[in-house]
K.L.:
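Take this structure first; my questions come after.
Below, each value reflects all heavy atoms present in this structure, side chains not excepted, and no hydrogens, waters or symmetry copies.
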Amino acid sequence: MSRVQRIFPLYACAMLYALCAMLIMDTEQIQAIKQRFGINGNAPSLNHAIEIAIQVAPTDMTVLITGESGSGKESFSKIIHALSPYKHGQFIAINCGAIPEGTIDSELFGHEKGAFTGAAEARKGYFEIANGGTVFLDEISEMPMGTQTRLLRVLEYGEFIRVGSSKVQKTKVRVIAATNTNLAERVQTGKFREDLYYRLNMVPISVPPLRDRGDDIILLFRKFATDFADKHRIKPVKLTDAAKERLTNFRFPGNIRQLKNIAGQISVLEMEREINDEILIKYLPEEQTSRIPAIYKNTSESTLSERDLLYRVLFDMKKDMYELKKLVFTLLKHANLDDQTLDSYNELFQNISESDPTTPLTPPEYSGGKTGQPLTPPPTHYIGGTEKVVQGNRPQIDKTTIELSKTEDISHETETESLSIQQKEKELIIKALKKNNNKRKYAARDLEISERTLYRKIKQYDLED
């Protein structure tokens, strides 16, 4: 037997021993992580997610954690922070969906004194406070588009600017994001920036839902029941085999939160400590409740802001008023009116024309001779933009000259007015400034905006003069 033949079995045994030692070390490390962060379960998908978190923790790469609501995504962010070089810094968890759109920039990046109404003093943002630490952005899909642009700047260059400031500040933080929605679909619909998505998704971690973790459901129920019993000094409940099978087959749309809720209800409400299938089924919602269809949202309407919707309502109301005015004009042509009534209507319509010269109205065109003679109606007139022919003679009206004819004929003008939000905003600012003799403080108060915003709008629309 050659020397190689004698050495090879020893070499193979050494490699096999090393491989087994690595597997044992990985298993022990995973179990230690679970005990440290209170994670219960042995599902392969759960262990795989923990392995990825352990591997990526020593780096400074951004991580995107995906999973259903209540599946325990925040625990993985804490694992990554605790095993990373940023562990000595501060860990800040932020729910992007719980911060109003108007204040999220201030919360994340800070603001200067007087940056907006109510900013009585300067304030640091979370990215400035957590410098050298970790920022966990939960529900990242709810972040507004403008804030997404600022966040991308932080991830790419480590820079940010406070609201109301022009000074660029530096920060070095580890960013971990989480979402319970499909970000790729939101990118396709234009609700999430594609470049930010790929920047966040450098290392994806998928947290499995509770229904895919098999026997972990029974293990977690036992833990929750024991914790509840120890806290309230009662005997913990136990499940029969049939109840265990029933619980394992339930889909748990609320994941771990729902299971903990059920365990608490059974522990406090049931006198029997052994829970069978008949008792358990009373605390499980009907299967249909876990499959409620999502409410349909019209994407074209949901993307509109409140101001856009308000302008749309006002434009619709104005259009209805135009149609009403035209209808009144038409009715006047068919009515017998005395001189006083005609004068009143004449004054009314003149005021309407003067107040809004762009009103696309077609006044009645009367022609005729002396008093008592019938007036010849025009061959056609318009009602709501539709041409209608009026036949027959007009009833006699005891007035030779109808002053309504003095109203400017703008029938040749189009009835379509500009729906530009910026144009309407500019007109409102001009009216407010004229009303208050160019005193911007009072004009801003009438417009219900801050003076700073008004100054910026005046400069934007070149209204300095």
Side-chain angles (χ1 to χ4, degrees), residues 100-106 111 114-119 144-150 163-164 189-191 193 297-329 348-363 382-386 407-465:
E101 182 176 350
T103 61
I104 189 170
D105 284 352
S106 173
H111 64 258
F116 51 85
T117 304
M145 294 295 289
T147 310
Q148 293 179 29
T149 304
R150 288 172 172 260
V163 177
T189 57
K191 296 181 180 179
R193 291 181 62 97
K297 292 183 179 180
N298 190 332
T299 55
S300 61
E301 294 291 338
S302 61
T303 56
L304 295 176
S305 64
E306 293 182 2
R307 187 177 67 174
D308 296 335
L309 293 175
L310 179 60
Y311 276 126
R312 175 172 292 185
V313 172
L314 292 176
F315 291 148
D316 290 341
M317 293 176 60
K318 192 172 183 180
K319 182 179 180 181
D320 292 340
M321 289 298 297
Y322 292 161
E323 300 298 331
L324 181 61
K325 293 173 188 176
K326 293 177 183 180
L327 180 61
V328 173
F329 276 131
L348 172 63
F349 291 126
Q350 281 184 343
N351 291 337
I352 293 174
S353 178
E354 292 174 0
S355 62
D356 191 359
T358 63
T359 304
L361 297 177
T362 305
Y382 296 84
I383 300 178
T386 303
T407 306
E408 182 181 0
D409 184 4
I410 56 173
S411 58
H412 60 281
E413 298 182 5
T414 178
E415 294 190 7
T416 303
E417 60 177 331
S418 174
L419 298 181
S420 171
I421 299 299
Q422 293 184 350
Q423 182 64 28
K424 293 300 179 181
E425 189 177 53
K426 181 179 179 181
E427 293 176 2
L428 289 174
I429 293 174
I430 293 175
K431 290 181 181 180
L433 290 172
K434 288 182 178 180
K435 176 183 176 183
N436 295 278
N437 297 323
N438 289 327
K439 294 182 179 180
R440 299 179 179 181
K441 176 180 180 181
Y442 301 107
R445 184 176 61 185
D446 287 349
L447 293 170
E448 297 184 358
I449 60 176
S450 64
E451 291 184 52
R452 184 183 183 88
T453 302
L454 179 59
Y455 294 156
R456 179 167 56 82
K457 292 294 183 181
I458 290 176
K459 186 175 181 180
Q460 176 184 348
Y461 297 126
D462 195 18
L463 302 177
E464 295 289 346
D465 297 335

K.L.:
Using every non-hydrogen atom in the two residues, find where Lys191 and Met145 come nearest and quote the distance to one decimal.
P.N.:
O-SD, 3.5 Å
K.L.:
Considering all heavy atoms of both residues, which atom of Glu451 and which atom of Lys441 are nearest to each other, and what is their separation?
P.N.:
OE2-CG, 3.6 Å
K.L.:
When you look at Thr453 and Leu447, which way does the side chain to side chain contact (heavy atoms under 4.5 Å, CB included) test go after all the steps?
P.N.:
CA-CA 10 Å; Thr453 302; Leu447 293 170; over 6 Å; no
K.L.:
Quick one: CZ on Arg193 to OG1 on Thr147, what's the gap to the nearest 0.5 Å?
P.N.:
11.5 Å
K.L.:
Any idea which heavy atoms bring Ala115 and Val163 closest together, and the distance?
P.N.:
CB-O, 3.4 Å
K.L.:
Any chance you could measure Ile429, atom CD1, to Gln460, atom CD, to the nearest 0.5 Å?
P.N.:
8.0 Å
K.L.:
Which pair of heavy atoms, one from His111 and one from Ala119, lies closest together, and at what distance?
P.N.:
CD2-CB, 3.8 Å
K.L.:
Mind checking the CZ-CD1 spacing from Arg456 to Ile449? Nearest 0.5 Å is all I need.
P.N.:
8.5 Å
K.L.:
Which heavy atom in Arg440 sits nearest to a heavy atom in Leu454, and how many Å separate them?
P.N.:
O-CD2, 3.3 Å
K.L.:
Can you list everything that forms a ring-ring contact (aromatic ring centres under 6.0 Å, His included) with Tyr442? Sequence neighbours excluded, please.
P.N.:
none
K.L.:
Can you measure from NZ (Lys431) to CG (Leu433) and round to the nearest 0.5 angstrom?
P.N.:
13.0 Å
K.L.:
Report the C-alpha distance between Leu463 and Lys426 in whole Å, list the side-chain angles of each, state the deciding distance to 0.1 Å, and finish with yes or no for side chain to side chain contact (heavy atoms under 4.5 Å, CB included).
P.N.:
CA-CA 9 Å; Leu463 302 177; Lys426 181 179 179 181; 3.8 Å; yes
K.L.:
Judged by modelled atom types alone, do Ser106 and Thr103 share a side-chain donor-acceptor pair under 3.5 Å?
P.N.:
no
K.L.:
Is atom CD of Glu101 surrounded by more than 12 heavy atoms (other residues, nucleotides or ligands) closer than 6.0 Å?
P.N.:
no
